[in-house]
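Beneath this line is the structure, given in structure tokens, with notes to follow.
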Amino acid sequence: MSQKREDYISWDEYFMGVAMLSGMRSKDPNTQVGACIVSEDNKILSMGYNGLPKGCSDDEFPWVREGAPLENKYFYTTHSELNAILNYRGGSLEGAKMYVSLFPCNECAKAIIQAGIKTIVYDSDKYQNTPAVIASKRMLDAAGVRYYQYTHTNREINITL
Ligand SMILES: O=c1ccn([C@H]2C[C@H](O)[C@@H](COP(=O)(O)O)O2)c(=O)[nH]1
Ligand SMILES: [Zn+2]
């Protein structure tokens, strides 16, 4: 009888890998964020990355961080988590899990809570000291949404495209 492979990737590596791959579609020059929503029985339901809404040209809207509110990216970008939630066409996300490469901000936390997502697995928490992330954690805690940081395995995955 043949032996099964033992070096296959784990569920966490698989879903965080998909989230990170999705983030590679982002046009944001500073921070690329990817999200992957998964059902309780480990099926991928949706994906998203940070970008402009439909009809808003990547080449015409600003990608800079500084300057007047109407001249920088923040008013215009849709966050990866919201895109992943809105991209889902299958009905309810109740009980789902979200893998995301950056800890969700307060606006994404609200959408995650209201969508019924119960678990967040995140990678970077680089904005942990900002009011947006502090408020996010406060709401997630109050709503009983569990979150934990992805544990890196340092496995390298090479895909030749
Ligand atoms: O919850 C979040 C928070 C931020 N993003 C996106 C929005 C922007 O495109 C970048 C952040 O840019 P900085 O230059 O690092 O301020 O990340 C997101 O998708 N989800
Ligand atoms: Zn956000």
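Indexing begins at 1, ligand by ligand and atom by atom, following the structure's order.
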Checklist entry - Which of the numbered atoms in ligand 1 are below 4.0 angstrom from a heavy atom of Pro104? => result 1 (O)
Next on the checklist: Under a 3.5 Å threshold, yes or no: a donor from one side chain and an acceptor from the other, between Ser39 and Lys97?
Outcome noted: no
Item to check | Contact atoms of ligand 1, heavy-atom distance to Cys108 under 4.0 Å | outcome: 1 (O)
Checklist entry - Using the benzene-type ring in the case of Trp, are the ring centres of Phe103 and Tyr147 under 6.0 Å apart? => result yes
Checklist entry - Under 6.0 Å from the OH atom of Tyr14, do we count more than 12 heavy atoms belonging to anything else shown? => result no
Item to check | Proximal atoms of ligand 1 relative to Tyr127 (non-hydrogen, under 4.0 Å) | outcome: 13 (P), 15 (O), 16 (O)
Checklist entry - Which of the atoms of ligand 1 are close to Arg65, meaning less than 4.0 Å from one of its heavy atoms? => result 13 (P), 14 (O), 15 (O), 16 (O)
Checklist entry - Is it true that the side chains of Ser26 and Asn50 contain a donor and an acceptor less than 3.5 Å apart? => result yes
Item to check | Short N or O distance, Glu81 and ligand 1, threshold 3.5 Å exclusive | outcome: yes
Checklist entry - Between Val33 and ligand 1, does any nitrogen or oxygen pair lie at a separation below 3.5 Å? => result no
Item to check | For Asn30, the ligand 1 atoms whose distance to one of its heavy atoms is below 4.0 Å | outcome: 13 (P), 14 (O), 15 (O)
Item to check | Over-ring placement of Lys27 relative to Phe61, 6.0 Å and 45° cut-offs | outcome: no
Checklist entry - Where is the nearest protein heavy atom to atom 6 (C) of ligand 1: which residue, which atom, and how far? => result Asn50 ND2, 3.6 Å
Item to check | Three-point angle Cys108:SG, the Zn ion (ligand 2), Cys105:SG, rounded to the nearest 10° | outcome: 120°
Checklist entry - Within the distance-only criterion (no hydrogens, no angle test), does the side chain of Trp63 pair as donor or acceptor with the backbone N or O of Asn72 below 3.5 angstrom? => result no
Checklist entry - Between Arg155 and Tyr8, which heavy-atom pair has the shortest distance, and what is it? => result NH2-O, 3.3 Å
Checklist entry - Please state which protein non-hydrogen atom is closest to atom 19 (O) of ligand 1 and give its distance, to 0.1 Å? => result Ser80 N, 3.0 Å
Item to check | Step-by-step side-chain hydrogen bond (donor to acceptor under 3.5 Å, both in side chains) determination, Tyr49 to Asp28 | outcome: CA-CA 10 Å; Tyr49 58 88; Asp28 191 320; over 6 Å; no
Next on the checklist: Using a 6.0 Å cut-off, check whether atom CZ of Phe75 has over 12 heavy atoms from anything other than its own residue.
Outcome noted: no
Item to check | Considering only N, O or S atoms of His79, the one closest to the Zn ion (ligand 2) | outcome: ND1
Next on the checklist: Using side-chain hydrogen bond (donor to acceptor under 3.5 Å, both in side chains), reason through Ser136 and Lys110 one step at a time and then give a plain yes or no.
Outcome noted: CA-CA 8 Å; Ser136 171; Lys110 289 185 244 180; over 6 Å; no
Next on the checklist: Tell me whether ligand 1 is touched by Tyr49 - counting only heavy atoms on the residue side and a distance under 4.0 Å.
Outcome noted: no
Next on the checklist: Under 4.0 Å, heavy-atom basis, I'd like to know which part of Lys73 is in contact with ligand 1: side chain, backbone, both or neither.
Outcome noted: side chain
Item to check | Which residue and heavy atom of the protein sit nearest atom 11 (C) of ligand 1, plus the separation | outcome: Thr31 CB, 3.8 Å
Checklist entry - Short list, please: which atoms of ligand 1 are under 4.0 Å from a heavy atom of Tyr74? => result 13 (P), 14 (O), 16 (O)
Checklist outcome for this item: The closest protein heavy-atom partner of atom 9 (O) of ligand 1 is Asp28 OD2, 2.6 Å
Checklist entry - What orientation do Phe15 and Trp11 show, parallel under 30°, tilted 30 to 60°, or perpendicular over 60°? => result parallel
Checklist outcome for this item: If you scan protein heavy atoms around atom 2 (C) of ligand 1, the nearest is His79 ND1, 3.2 Å
